[in-house]
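Notes to accompany the following structure.
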Amino acid sequence: MYNIDRNNSKPLYLQLEELIRESIEKGIYKRDEKIPSESELMNKYDLSRITVRNACNHLVKEGILYRVAGKGTFVSSPKIMTSSLAYMGFREQLERMGYETTTKLIEKSIIKSTPLISANLNIEENSDVMFIKRLRLVDNEPISLHHTYLSYDKFKEIYSSDRLESEQLCVLIEDEYGITPKKVLETQRKYLKYSKRKKDIRFLSLKI
């Protein structure tokens, strides 16, 4: 295994980063498993606290590690990298990478458009809008929660479709109306910071 080499010109914190990466790749540190504490890493490799902290901070920023207050630093789940939905559906990208995907319809309702929704959909305020909430699972594990807003007047056939769990919305829109989406507005929300989203956190099996 790679080890700290003080004769190497590479900074010590980068060497420690590589050592931790290699340990993760070899399965020594497994997904959601706690890695050694700062003090343990300091003692094991004879490094300063700032060196250890810099290495861990970089890995946290990259999403390789994550921290839990009062508990320590843990190994993140492998990232799934996808392109913008304007070029290829999220599910299609995952399936091309060999993942098994399923979709669960959580909620659908007709609501009145807010000023923000109206501006994004280019419709009058207080117009009827479809709100569709769907849970995406990859290999039976919840990975994302999708909130979709569509003009009811323009796409009312979608609301009654029995394909909301079996097809991507972009496919339904193209099949029903011959429209290929050119632009998708994507918003990512860190659910752990939103106490009002406890219901959504439950769907994603996150702990708060």
Side-chain angles (χ1 to χ4, degrees), residues 31-32 61-64 66 76-208:
R31 184 179 71 175
D32 293 322
K61 287 180 180 179
E62 290 184 28
I64 294 171
Y66 67 93
S76 300
S77 298
K79 285 186 176 181
I80 296 175
M81 304 300 294
T82 62
S83 305
S84 168
L85 298 185
Y87 300 99
M88 187 188 298
F90 182 62
R91 192 181 76 178
E92 184 181 352
Q93 294 179 63
L94 294 172
E95 290 175 348
R96 286 193 177 188
M97 290 187 284
Y99 293 98
E100 179 183 351
T101 67
T102 52
T103 301
K104 182 178 180 181
L105 178 64
I106 302 298
E107 178 185 346
K108 68 174 182 176
S109 58
I110 306 298
I111 63 173
K112 295 297 183 180
S113 63
T114 64
L116 179 60
I117 293 173
S118 299
N120 283 318
L121 296 182
N122 194 26
I123 59 177
E124 296 291 329
E125 288 185 26
N126 212 39
S127 297
D128 286 340
V129 169
M130 283 181 279
F131 170 64
I132 301 171
K133 181 190 292 187
R134 303 191 303 169
L135 180 67
R136 182 82 71 206
L137 299 99
V138 174
D139 293 339
N140 292 320
E141 291 289 333
I143 186 174
S144 59
L145 195 62
H146 298 251
H147 291 188
T148 302
Y149 299 88
L150 294 171
S151 167
Y152 182 73
D153 288 339
K154 294 179 181 178
F155 301 106
K156 60 182 63 178
E157 298 299 326
I158 301 296
Y159 189 77
S160 57
S161 175
D162 59 1
R163 299 163 61 197
L164 284 172
E165 289 189 321
S166 61
E167 290 285 2
Q168 301 173 78
L169 281 174
C170 58
V171 172
L172 289 178
I173 292 172
E174 187 168 5
D175 286 352
E176 294 287 347
Y177 300 95
I179 298 173
T180 302
K182 299 295 185 184
K183 178 182 177 182
V184 177
L185 177 64
E186 299 177 80
T187 301
Q188 296 183 342
R189 177 175 277 124
K190 293 183 178 180
Y191 283 93
L192 292 179
K193 293 187 177 180
Y194 287 75
S195 60
K196 293 182 180 179
R197 293 282 179 174
K198 289 183 179 179
K199 184 185 297 183
D200 289 352
I201 292 171
R202 187 184 74 243
F203 289 132
L204 288 169
S205 299
L206 298 177
K207 296 180 181 179
I208 59 174

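- The CG atom of Leu172 sits 5.0 Å away from atom CZ of Arg163, with the distance rounded to the nearest 0.5 Å.
- Between the side chain of Ser113 and the backbone N or O of Asn126 there is at least one donor-acceptor pair closer than 3.5 Å.
- Counting heavy atoms of neighbouring residues, nucleotides and ligands inside a 6.0 Å radius, atom CG of Asp32 exceeds 12 of them.
- Side chains of Tyr159 and Ile110 form a contact here, defined as non-hydrogen atoms less than 4.5 Å apart.
- Taking the side chain as every heavy atom from C-beta outward, Ile158 and Glu176 approach each other to under 4.5 Å.
- When every heavy atom of Lys154 is checked against every heavy atom of Tyr177, the shortest pair comes out as O-CE2, 3.4 Å.
- In the displayed structure, Lys104 atom NZ is contacted under 6.0 Å by at most 12 heavy atoms of other residues, nucleotides or ligands.
- Separation of atoms CD (Glu167) and CD1 (Ile173) is listed at 12.0 Å; rounding is to 0.5 Å.
- Atom OG of Ser76 and atom CZ of Arg31 lie 11.0 Å apart (nearest 0.5 Å).
- Of the N and O atoms on the side chains of His146 and Thr148, not one donor lies less than 3.5 Å from an acceptor on the other residue.
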**Study point:** Candidate pair Glu107 and Ile132, rule side chain to side chain contact (heavy atoms under 4.5 Å, CB included), full reasoning
**Key:** CA-CA 6 Å; Glu107 178 185 346; Ile132 301 171; over 6 Å; no
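- Annotation: the span from Leu137 atom CG to Thr102 atom OG1 amounts to 4.0 Å, rounded to 0.5 Å.
- We find the SG-CD1 distance between Cys170 and Ile179 to be 12.5 Å, quoted to the nearest 0.5 Å.
- At least one donor-acceptor pair closer than 3.5 Å links the side chain of Glu165 to the backbone N or O of Leu105.
- Counting heavy atoms from C-beta on, the side chains of His147 and Leu145 come closer than 4.5 Å.
- Using a 4.5 Å heavy-atom threshold, the side chains of Leu121 and Leu150 count as separate.
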Practice item. Test side chain to side chain contact (heavy atoms under 4.5 Å, CB included) on Leu169 and Leu164 and set out the steps. Key: CA-CA 7 Å; Leu169 281 174; Leu164 284 172; 3.6 Å; yes
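- Residues Met130 and Ser151 share a closest heavy-atom pair of CE-O, 3.8 Å.
- Between Phe155 and Val129, the closest side-chain pair of non-hydrogen atoms is not below 4.5 Å.
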